[in-house]
Number of protein chains: 2
Amino acid sequence: MAGRRANQVRIYDVAKVAGVSIATASKALNDTGRMADATRERVKQAAADLGFRPNAMARALISQRSFTIGLLTNDTYGRFTLPVMAGVSEALVDEGVSVFLCTIEDDPALGKVHVDAMLSKQVDGIIASGKRIDRRLPVDLSNLPVPVLYAFTDGPEEAVTLVSDDAQGSREAVEWLVGLGRRRIVHVTGPDTFASVQERAGAFRSVVGTAGRVLFGSWSEAWGHEAVGQLWNEGGDAPDAIFCGNDQIARGVVDALRERGIVVPGEVSVVGFDNWELMAAATRPPLTTVDMNLKELGREAGRLILALAEGAPVEPGIRKLPCQLVIRQSCGGGLRG
Amino acid sequence: MAGRRANQVRIYDVAKVAGVSIATASKALNDTGRMADATRERVKQAAADLGFRPNAMARALISQRSFTIGLLTNDTYGRFTLPVMAGVSEALVDEGVSVFLCTIEDDPALGKVHVDAMLSKQVDGIIASGKRIDRRLPVDLSNLPVPVLYAFTDGPEEAVTLVSDDAQGSREAVEWLVGLGRRRIVHVTGPDTFASVQERAGAFRSVVGTAGRVLFGSWSEAWGHEAVGQLWNEGGDAPDAIFCGNDQIARGVVDALRERGIVVPGEVSVVGFDNWELMAAATRPPLTTVDMNLKELGREAGRLILALAEGAPVEPGIRKLPCQLVIRQSCGGGLRG
DNA sequence: CCAGCTTGGTAAAACGGTTTCTCAGATGCG
DNA sequence: CGCATCTGAGAAACCGTTTTACCAAGCTGG
């Protein structure tokens with residue numbers, strides 16, 4: 001038991017090699033305190049020679065800062081969480097902060113275990129993230145001794161919450177279609193129980209008028225397929241553009257149109273949502289789609305949780321981060337501008 | 001600075017409430033030492049009442065065990081890493097071990113920063129993971145003071161490496177096709193520079209004979225599409241089954257066949273590889289495909305890194321974990337039995 | 001020539017636990 | 001009743017670092 005790790009160098013060793021006390025060594029390495037420049041250099045050189053790496057645990061014990069944060073998510077598949085995670089990590093790595101990733105699959109017990117573990121390990125803050133912005137994680141994060149931030153998941157009013165601005169993204173998409181001269185635009189989207197579905201549909205109607213047609217269904221390719229069947233079988237003027245609730249639906253729509261011999265984007269323009277690369281790029285033609293900028297959302301989450309951890313005042317409430325329309329070939333129109 | 005976190009309960013507080021010394025409190029809570037049962041109970045009750053959560057940092061400082069491991073990956077998209085991660089986490093959460101996730105995108109400098117951060121934080125071990133089993137991470141993990149394990153990525157000979165048994169998975173898939181009566185089986189796969197492509201192709205030939213036809217290409221749907229074009233345009237007996245190198249290729253194949261009016265699985269059986277749910281399930285018909293059991297691989301990785309961290313002897317070398325054929329509808333044959 | 005500053009450095013007390021050692025008192029035994 | 005043994009609990013050392021307090025010289029100025 002115990003017994004130092006094989007080649008673990010302590011500050012004690014650095015001090016001995018440099019011929020100073022550990023107090024001096026500490027100050028030299030942290031650029032604090034007063035001492036002769038020569039001494040400081042000598043200590044730094046010794047530390048470099050020995051490959052000294054300060055024990056973050058010992059440091060954390062004193063400073064009450066572990067330089068560690070926890071990322072909690074119930075998005076097992078990771079399509080939304082991964083970009084967020086990448087952003088968080090990117091924003092924090094320069095500050096020396098590491099991220100614990102905990103996946104809890106809608107299991108409250110598991111959630112509690114992970115939160116307890118994180119708190120035990122003295123995380124400086126927790127970011128809660130999910131796959132739906134209108135659902136909470138199955139775990140109670142109120143009254144924790146550390147700051148909590150909600151990113152792409154629902155949080156209490158008094159908390160800081162980061163979400164993508166779906167309405168703005170949707171407006172941009174629909175306005176793009178209108179700008180291309182499309183007039184008979186239909187919105188084919190997911191289940192109307194999702195807040196994001198409501199928000200995107202609302203934005204859609206705000207552009208095309210309240211009579212704008214919206215078809216609710218599921219998030220699947222199959223639904224996109226089926227919707228095209230409905231729309232084209234009912235007679236009357238067929239749509240000349242379809243704004244889809246996500247890329248899977250869009251892919252189903254594009255495939256169904258092709259099967260019917262309808263040319264995309266020649267006769268019908270299609271826009272997706274999510275910019276899920278593997279889906280959007282593999283569709284023929286590649287999808288023009290709305291990117292929620294989740295990585296940037298993650299970066300912002302990282303910056304904010306750090307500010308909170310340092311005790312900086314952060315205005316609570318919901319912050320909507322802008323989406324961006326990514327132009328590919330499913331609408332025509334070429335480069336934007 | 002410093003100043004204890006708001007409602008942070010120390011063992012000191014527990015001891016005071018229970019009316020004992022902190023030494024006794026510690027022993028009571030850890031079920032060590034000797035003391036009256038009544039005392040032990042009293043301490044435990046006090047700890048529960050106060051919501052005492054031992055400071056893992058302080059504990060780690062003494063025990064030289066942080067109950068933390070690092071997971072390093074260059075799989076930004078996460079398709080392979082996420083299941084591995086989920087498995088690792090699942091295997092370790094019961095032992096109180098948390099996981100640092102570090103994504104390094106083929107950037108050696110970033111890799112070094114993350115490894116240094118992990119070592120500083122005294123991780124008990126590091127699992128290296130990737131998206132290719134024949135490529136190393138762009139970071140040197142030799143001579144580290146902690147054990148390193150390679151999961152789904154290439155590692156040095158003297159290390160413990162976990163990979164999926166692609167050959168076994170491929171054999172099962174091809175034997176399944178043979179069992180269904182298919183005789184003109186073709187293998188459409190990715191770039192021949194991938195070790196996994198070689199291994200799968202080798203296994204394919206070991207079942208159908210060395211004359212078995214293999215078409216190398218890219219990992220894309222487009223390639224699956226194109227391959228069908230090649231195969232059906234060249235005249236002669238068309239294939240009655242296609243074993244694909246991954247699910248994306250398989251999807252391209254199935255789509256191309258449908259466009260040609262060829263019935264899957266009636267006329268041609270198709271098998272994929274990866275069991276990438278969202279792809280396999282959205283294909284029409286849903287893909288029969290080989291699952292690499294990456295979550296189980298992750299669980300095994302978790303168990304092994306823990307054993308290594310505890311100093312248990314673990315035989316070095318490559319361990320191949322079995323794949324599993326997942327039967328859906330793209331081959332016919334119904335339930336396996 | 002000495003009080004008062006700087007300068008360059010050290011000793012020691014934290015941080016929050018675990019573990020070893022010690023010890024007082026209760027008990028068993030002859 | 002005296003001595004060895006056992007029991008339950010506490011004091012103190014320790015893990016590796018930071019930080020505060022302190023001190024011995026060397027210098028300045030009157």
Side-chain angles (χ1 to χ4, degrees), chain A residues 1-43 46-47 50-67 96 119-122 124 145, chain B residues 1-16 18-44 46-47 50-67 96 119-122 124 145:
Chain A
M1 194 96 333
R4 219 158 59 258
R5 233 172 229 167
N7 44 353
Q8 188 73 308
V9 181
R10 284 124 65 243
I11 197 170
Y12 171 85
D13 304 308
V14 175
K16 203 166 61 179
V17 168
V20 296
S21 70
I22 58 172
T24 303
S26 174
K27 285 187 291 194
L29 295 172
N30 293 296
D31 284 322
T32 58
R34 278 177 333 203
M35 75 192 63
D37 285 352
T39 310
R40 201 180 287 278
E41 267 320 303
R42 191 154 35 91
V43 172
L50 275 73
F52 171 65
R53 202 180 281 117
N55 184 321
M57 302 266 155
R59 191 177 270 191
L61 204 51
I62 297 184
S63 67
Q64 305 285 345
R65 289 268 275 119
S66 66
F67 291 89
L119 292 177
S120 234
K121 291 185 174 122
Q122 312 295 113
D124 296 333
Chain B
M1 197 95 327
R4 220 157 56 258
R5 235 171 227 167
N7 44 354
Q8 188 72 306
V9 182
R10 283 124 64 244
I11 198 170
Y12 171 84
D13 303 308
V14 175
K16 202 166 61 177
V20 297
S21 71
I22 57 173
T24 303
S26 173
K27 285 184 289 196
L29 295 173
N30 292 297
D31 284 323
T32 58
R34 278 179 334 206
M35 74 191 64
D37 285 350
T39 310
R40 203 179 285 280
E41 266 321 305
R42 192 153 35 89
V43 173
K44 285 188 174 179
L50 275 71
F52 171 66
R53 203 181 280 118
N55 184 322
M57 302 264 154
R59 191 178 266 189
L61 206 51
I62 297 183
S63 67
Q64 305 284 347
R65 290 266 278 119
S66 66
F67 290 90
L119 292 177
S120 237
K121 291 183 175 124
Q122 313 294 114
D124 297 332

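Convention: sequence-line order gives letters A, B, ...; per-chain numbering from 1.
- Within a 6.0 Å sphere centred on NZ of A:K16, other residues, nucleotides and ligands contribute 12 heavy atoms or fewer.
- Between A:N55 and D:dC15 there is no side-chain polar atom (N or O) within less than 4.0 angstrom of OP1 or OP2.
- Note that CE of A:M57 is 12.5 Å distant from CZ of B:R59, once rounded to the nearest 0.5 Å.
- Closest approach to the B:A23 side chain among D:dT18, C:dG16, D:dG10 is made by D:dG10 (side chain taken as heavy atoms from C-beta onward).
- Residue B:Q122 has no polar side-chain atom (N or O) positioned under 4.0 Å from OP1 or OP2 of D:dC15.
- Annotation for B:F52 and B:I11: closest pair CE1-N, 3.3 Å, computed over non-hydrogen atoms.
- Distance A:N30 CG to D:dG16 C1': 13 Å, rounded to the nearest Å.
- Within 3.5 Å, no donor on the side chain of B:K27 pairs with an acceptor on the base of D:dG8, nor the reverse.
- Proximity of A:T32 to the phosphate of D:dT19: no side-chain N or O atom is located under 4.0 Å from OP1 or OP2.
- A residue-by-residue look at A:V20 and A:L61 shows that A:V20 has its nearest nucleotide of DNA chain C further toward the 5' end.
- In this structure, A:T24 and B:I11 both approach DNA chain C, and ranking their closest nucleotides by distance from the 5' end singles out A:T24.
- Residues B:V20 and B:A25 approach most closely at CG2-N, 4.1 Å, considering heavy atoms.
- Atom OH of B:Y12 is separated from atom P of C:dA14 by 12 Å (rounded to the nearest Å).
- Comparing C:dG16, C:dG8, D:dG16 by their nearest atom to the side chain of A:Q64 picks out C:dG16.
- Mapping A:M57 and B:M35 onto DNA chain D by nearest heavy atom places B:M35 at the nucleotide closer to the 5' end.
- The phosphate of C:dG17 (OP1 or OP2) has no side-chain N or O of B:R59 nearer than 4.0 angstrom.
- Following rounding to the nearest Å, A:L29 (CG) and D:dG16 (P) show an atom-to-atom distance of 16 Å.
- Protein atom CZ of A:R42 is 13 Å distant from nucleotide atom P of C:dG8, rounded to whole Å.
- Nucleotide C:dT18 holds its P atom 11 Å from the CZ atom of B:F67, rounded to whole Å.
- The side chain of A:Q8 places no N or O atom within less than 4.0 Å of a non-bridging phosphate oxygen (OP1 or OP2) of D:dG16.
- Summarising the geometry, the separation between CZ on A:R40 and P on C:dG8 is reported as 10 Å, rounded to the nearest angstrom.
- The heavy-atom pair separating B:D124 from B:S66 by the smallest distance is OD1-N, 2.9 Å.
- Ion pairing between a basic and an acidic side chain is recognised when a charged N comes within 4.0 Å of a carboxylate O; B:R42 and B:D37 show no such pairing.
- When rounded to the nearest whole Å, the span between CZ of B:R65 and P of C:dT18 equals 15 Å.
- Straight-line distance from the CD1 atom of B:I22 to the C1' atom of C:dT20: 14 Å, rounded to whole Å.
- Relative to the side chain of B:S21, the nucleotides C:dC15, C:dG17, D:dG10 differ in distance, and D:dG10 lies closest.
- For A:R34 against C:dG8, a side-chain N or O and a base N or O form a donor-acceptor pair under 3.5 Å.
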